[in-house]
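Start at 1 with the first residue, then count along the sequence.
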Amino acid sequence: MSELTNFPPDALLQASLEVAMAPVVGPLVLAVSGGRDSMVLLQAIARWAPERVAAVATFDHGTGSYATDAASLVAAESRRLGLTVVRERSRTPGHSEAAWRAARWDFLGRIARAFKARVATAHTRDDQLETVVMRLLRGAGARGMAALAAPSMVVRPWLGVSRSELARWAVLEKVAYVEDPMNVSRAFLRGRVRHELLPALEAASPGFSDEILAIADQAATWRRDVERHVDAMGVAVAPSGARVSCPAAALECTTREGRAVLWPAICARAGVTLDAKGTRELVKFTTAGRSGSSVLVSGGAIVIRRRPGTGEPPGDRFEVRRASSKRSPDGATAWAGAAEALPPRVGRFRWRRLHTAPSSGSVAEQDLWTMGIPRGEQVALRVWTAGDRIRTAGAPAGRRVTRYFSEAHVPALDRSTWPVLLVNSELVWVPGVCRGLAAPSRPGRPELIWYRCEPEFD
Ligand SMILES: Nc1ncnc2c1ncn2[C@@H]1O[C@H](COP(=O)(O)OP(=O)(O)OP(=O)(O)O)[C@@H](O)[C@H]1O
């Protein structure tokens, strides 16, 4: 990745801060994890723009000594710098990366509202590159390609600065930080993209990273244009933020292609991330839906076509309502349904349906990430909980899943977020770790539906 290596680090960081903060009116809440990038953000803002800081916010995910040490360091450094610090510890440690992120953003949002401020994070140019590549792997379209550069209320001063530039400044300025053990792990997709895929792509095609980042910048520019268009459509957001409405006519007069671009942007304003299937349905619903009809889209959100309310301009409106998000307690079922309908994604694990059964004795058939599930059976997915047991060919009477985790060298840190699959209430599959007896995974049986589980991390 091209870097401004000859640029004095001080000048680069100070200029990046100024450029990012120039359009921001009002104070900032600094999101500081205790890692190097955000500790550099803390020190740099304290040096060059302390008056912009309403508070430093640090969240202890409650996942162990690393998380607590990191939060303690942030609190101590912030106080030493004379800044207000808000520290919170998760009361219910989540069991997936997605749950941690949701809890962290819930906390950051509350603090930002309390201080009437905007959140600033320490995402870097490298974070952006990894995110874009991960989205490409997931089949993202133009909208997703903007990644962290998409229009947002979050301020990201380091988005144009590389991690190595921040590291250089951290050494020069002796910035204290704690090293997150996850940063070197290859257990999750982000680690593999960072340590394996990106170096290989850059070696095969020098300049690849810069080209991808340039495409992401173009996608971000395009998204800003789309947002301006949505602003002009007369979209109204309810004070709760969970409901958004827009005049039906503003969508009806666009082409199918235009609607496919506008619907995701409208839904995003209600906090709903529309998937490709939901987009297709809404494109159709725009002209096919009658007053009073509705359609369910991604994650339980609903879009209704309704008559105008009192005080609203004449003409039908489409209203997007976000589903209420209740967090499931640890060990609770994350998803339940028929074997035919496993969701594409639960937490950070994807479930990809295979079109053909692996042949008998093939690598795919032996691979513990692949599994055949009997058609028509009731399936449940949840995270592993202590005490889970599974009956396998080697231990037909049942054995604790922890023993298989140890044999598969799954780090203790990862176990609490690992999914398990149950068929008719019996645990039959711990992806990548073991398969149970109760799931007849012999290939060639037409009644089996084959899935491949793929972990990801972003
Ligand atoms: N526990 C946390 N408390 C407060 N803010 C956080 C926390 N974790 C992450 N953030 C914010 O979100 C940004 C991106 O998170 P990410 O997990 O990619 O970073 P990190 O590797 O944990 O930390 P750093 O960016 O400090 O090296 C961080 O730069 C930081 O601003």
Side-chain angles (χ1 to χ4, degrees), residues 96-99 101-106 108-110 112-113 119 131 135 138-148 150-154 219-220 222-224 226-248 250-252 254 256-289 292-306 309 316-328 334-335 341 343-348 350 458:
S96 72
E97 178 67 15
R101 190 184 303 108
R104 177 165 82 231
W105 277 102
D106 175 68
L108 292 172
R110 274 189 282 118
R113 281 192 295 279
V119 175
T131 308
R135 291 193 179 184
R138 221 184 277 159
R143 194 177 160 79
M145 285 290 287
L148 304 172
S152 154
M153 289 302 285
V154 178
W222 171 79
R223 273 190 67 166
R224 278 190 285 276
V226 172
E227 293 306 324
R228 269 195 292 274
H229 187 84
V230 172
D231 286 339
M233 286 170 70
V235 171
V237 183
S240 70
R243 250 189 306 153
V244 159
S245 79
C246 123
L251 279 152
E252 284 162 350
T254 56
R256 290 178 68 80
E257 293 73 17
R259 284 177 226 152
V261 167
L262 293 171
W263 268 118
I266 293 167
C267 288
R269 295 198 177 192
V272 175
T273 306
L274 203 56
D275 57 16
K277 183 165 170 275
T279 306
R280 279 195 302 275
E281 279 172 4
L282 288 178
V283 166
K284 244 191 282 162
F285 184 66
T286 310
T287 47
S293 60
S294 61
V295 58
L296 272 175
V297 291
S298 324
I302 190 164
V303 178
I304 302 165
R305 185 182 176 120
R306 63 161 175 80
D316 276 5
R317 294 184 80 82
F318 287 115
E319 184 166 297
V320 183
R321 294 185 190 169
R322 188 173 68 209
S324 67
S325 57
K326 291 197 197 79
R327 261 199 283 159
S328 53
W335 179 87
R345 199 163 185 208
V346 174
R348 62 185 165 83
R350 294 208 298 170
D458 65 2

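- Between V261 and E257 there is no side-chain heavy-atom pair separated by less than 4.5 Å.
- E319 places none of its side-chain heavy atoms less than 4.5 Å from the side chain of V303.
- One finds the CD atom of E252 at 7.5 Å from the CG atom of D316 (value rounded to the nearest 0.5 Å).
- Between L251 and C246 the shortest side-chain heavy-atom distance falls below 4.5 Å.
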Stepwise salt bridge (charged side-chain N to carboxylate O under 4.0 Å, His left out) check, R269 with D231: CA-CA 11 Å; R269 295 198 177 192; D231 286 339; 2.9 Å; yes
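- Between V272 and W263 the shortest side-chain heavy-atom distance does not fall below 4.5 Å.
- Separation of atoms NZ (K284) and OG1 (T279) is listed at 12.5 Å; rounding is to 0.5 Å.
- Distance SG/C267 to CG/D275: 10.0 Å, rounded to 0.5 Å.
- By the 6.0 Å contact criterion, CZ on R224 is enclosed, its count of non-hydrogen atoms from other residues, nucleotides or ligands being greater than 12.
- The CG atom of L282 lies 11.5 Å from the CG atom of L262; values are rounded to the nearest 0.5 Å.
- Taking the six-membered ring where the residue is Trp, F318 and F285 present tilted rings, their angle falling between 30° and 60°.
- Atoms CD1 and CG, on I304 and L296 in that order, are 9.5 Å from each other to the nearest 0.5 Å.
- Side-chain contact of R305 with S293: a donor-acceptor pair under 3.5 Å is absent, judged by distance alone.
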